[in-house]
Amino acid sequence: MRIAFVYNIRHKYPDPNDPRAQLETDFDDPQTIEAMIKNMKECGFDVIPIEANEDAYEKLKKNKGKIDLVFNYSMGIYGRDRYAHLPAMLEMLQIPYTGPSPLTEALVLNKAKAREILKANGINVPDSQVFYRKDQKLKSSLKFPLIVKPCCRGSSAGITNKSVVENEQQLREQVEFVIDTFEEPALVQTFLEGREFSIPLIGNPPEILPIIEVDHSVTPKGYKQIDSLEIKWIVEEEDKEFEKRHFICPAKIDKKLEKKLKDLCLKTWEALEIADLCRIDIRCDKKGKPYVLDINTPPGLIPPEVSTTSYFPLSARAAGIDYKQLIKKIVQSAVDRYTR
Ligand SMILES: Nc1ncnc2c1ncn2[C@@H]1O[C@H](COP(=O)(O)OP(=O)(O)O)[C@@H](O)[C@H]1O
Ligand SMILES: [Mg+2]
């Protein structure tokens with residue numbers, strides 16, 4: 001089977017102190033992309049690597065006759081709908097691909113729009129407001145502390161200690177930072193202080209892989225209890241042991257919470273018409289009620305030889321699925337979808 005592997009690659013290290021470097025945080029290191037290609041080849045696939053840049057369409061068109069399936073690991077490069085770009089090209093070229101359609105890809109990237117659809121489907125989402133300008137009036141239902149995030153980014157881009165705001169002044173400053181740096185609206189949300197989980201789903205209909213808890217109680221002093229750039233790129237880099245305490249998989253949760261989390265995931269999958277795979281981030285409020293924060297598709301799939309804490313492969317391993325089996329499972333679920 002011949003697979004075109006479509007990816008984006010990072011050109012700058014994501015320094016939490018350099019706003020411009022944050023623009024590429026959701027891309028992968030060259031080392032990761034190489035390791036993914038190696039793994040795919042070892043699965044027995046014939047792999048054509050294609051960077052998802054401006055030349056991608058021509059390369060896909062030229063190779064169309066040779067490609068059985070595209071493994072879509074792209075995020076696109078420009079604009080708020082960039083996750084949709086490659087799937088849209090593939091629809092046009094009629095080349096089958098892994099993962100959801102352009103509409104779903106654009107939606108999951110846009111946290112504000114995804115949230116509206118989830119809410120309309122009765123799924124718990126945090127109370128939020130979209131800021132297009134920094135001087136908009138804060139709606140009365142939103143009470144401090146709040147969190148300010150870029151509307152259409154992933155991998156904690158724009159999420160730092162300063163994202164959790166305690167008052168009007170901090171709110172305005174952070175909204176301005178997000179709008180100026182990312183040239184997109186800022187999403188302001190109720191800050192949920194409870195437990196956080198990340199949940200991988202695979203297949204159609206999806207199987208739920210072991211739930212990961214991101215344990216914020218082990219966060220060092222001086223850092224906010226969120227999955228911020230500082231935690232990912234400073235704390236984890238400086239203290240390799242930290243990761244072992246930070247991620248618990250399978251999460252230790254009671255049956256009742258487990259059922260609630262799984263229900264939220266399955267409803268989210270259906271409401272957004274996800275296909276093949278995604279990872280859903282959920283956080284609870286003080287009382288333990290869970291809310292959907294973020295849907296990731298494609299989710300990070302860093303092979304264990306590069307990182308042992310990439311959520312999706314880590315959870316798969318806990319279910320006894322090694323990295324190559326995981327790649328094969330993703331490919332198989334796409335193949336089954338196109339052939340049934
Ligand atoms: N409303 C919220 N309440 C509490 N923590 C949040 C909230 N939104 C985001 N976070 C924290 O910030 C992290 C990144 O936010 P998320 O919405 O998942 O964006 P990304 O696409 O960057 O992963 C989350 O994993 C969580 O720790
Ligand atoms: Mg997230």
Side-chain angles (χ1 to χ4, degrees), residues 14 16 25-26 108 111 114 124-126 145-150 153-164 187 189-202 208-254 257-262 264-265 268 277-302 304 306-319:
T25 48
D26 51 356
V108 298
K111 294 188 170 84
N124 288 341
V125 284
L146 298 169
I147 184 163
V148 184
K149 330 194 252 195
R153 294 280 152 179
S155 307
S156 301
I159 303 198
T160 64
N161 265 347
K162 288 186 184 156
S163 305
V164 183
L187 182 64
Q189 295 189 327
T190 304
F191 183 70
L192 304 164
E193 294 167 49
R195 295 172 79 179
E196 179 166 346
F197 304 97
S198 197
I199 307 166
L201 288 85
I202 188 166
I208 300 180
L209 295 179
I211 297 175
I212 300 160
E213 175 160 16
V214 184
D215 182 4
H216 292 297
S217 70
V218 302
T219 306
K221 267 214 170 87
Y223 292 96
K224 289 277 175 357
Q225 298 202 348
I226 52 172
D227 218 359
S228 63
L229 288 178
E230 288 96 339
I231 296 290
K232 283 185 183 167
W233 298 99
I234 301 175
V235 178
E236 285 179 17
E237 289 301 311
E238 284 173 357
D239 177 4
K240 289 290 172 199
E241 290 301 301
F242 172 76
E243 294 177 337
K244 291 188 190 141
R245 303 192 298 275
H246 199 210
F247 307 125
I248 304 164
C249 184
K252 297 183 184 72
I253 50 176
D254 60 35
L257 180 58
E258 183 180 337
K259 185 173 181 313
K260 276 191 204 161
L261 296 177
K262 288 185 169 172
L264 276 179
C265 286
T268 298
L277 77 168
C278 80
R279 208 194 71 234
I280 303 178
D281 297 337
I282 296 181
R283 192 156 183 178
C284 300
D285 64 12
K286 260 190 215 156
K287 292 182 188 146
K289 182 177 174 184
Y291 298 79
V292 174
L293 288 185
D294 181 29
I295 302 101
N296 306 278
T297 183
L301 295 170
I302 308 177
V306 179
S307 165
T308 51
T309 53
S310 183
Y311 289 171
F312 208 111
L314 177 147
S315 160
R317 280 198 301 282

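Residues: numbered from 1 along the sequence shown. Just so it is clear, the model here is predicted, and its values are computed rather than measured.
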For [X] and [Y], work out which heavy atoms get closest and say how close.
X      : Y      : value
Tyr223 : Ile234 : OH-CG2, 3.9 Å
Leu257 : Gly288 : CD1-O, 4.3 Å
Ile212 : Tyr311 : CD1-O, 3.3 Å
Leu277 : Thr297 : O-OG1, 2.9 Å

Hey, are the side chains of [X] and [Y] touching, using non-hydrogen atoms and a 4.5 Å cut-off?
X      : Y      : answer
Arg245 : Asp239 : yes
Asp227 : His246 : yes
Ile253 : Arg195 : yes
Ile159 : Ile226 : yes
Phe312 : Asn296 : no
Phe197 : Pro290 : no
Pro210 : Ser315 : yes
Leu314 : Pro200 : no

- Query: Residues in salt bridge (charged side-chain N to carboxylate O under 4.0 Å, His left out) with Glu193, at least two apart?
  - Reply: none
Pairwise distance [atom1]([X]) to [atom2]([Y]) - rounded to 0.5 angstrom:
X      : Y      : atom1 : atom2 : result
Cys284 : Leu261 : SG    : CG    : 6.0 Å
Lys262 : Ile199 : NZ    : CD1   : 9.0 Å
Gln225 : Asn161 : CD    : CG    : 11.0 Å
Thr308 : Arg317 : OG1   : CZ    : 6.5 Å
Ile280 : Leu264 : CD1   : CG    : 8.5 Å
Leu293 : Ile147 : CG    : CD1   : 8.0 Å

Does any N or O in the side chain of [X] come within less than 3.5 Å of the main-chain N or O of [Y], such that one atom is a donor and the other an acceptor?
X      : Y      : value
Lys111 : Arg153 : yes
Ser155 : Ala157 : no
Ser163 : Gly158 : yes

- Intermediate values then yes/no, side-chain contact (heavy atoms from CB on, under 4.5 Å), His216 and Val214: CA-CA 6 Å; His216 292 297; Val214 184; 3.9 Å; yes
- Message: If you count every heavy atom of other residues, nucleotides or ligands that lies below 6.0 Å from Lys260 atom NZ, does the total exceed 12?
- Response: yes
- Does a side-chain N-to-carboxylate-O contact under 4.0 Å join Asp281 and Arg283? no
- Query: Given the rule in the side-chain contact (heavy atoms from CB on, under 4.5 Å) test, do Val164 and Ser228 qualify, once you have shown the distances and angles that lead to the verdict?
  - Reply: CA-CA 10 Å; Val164 183; Ser228 63; over 6 Å; no
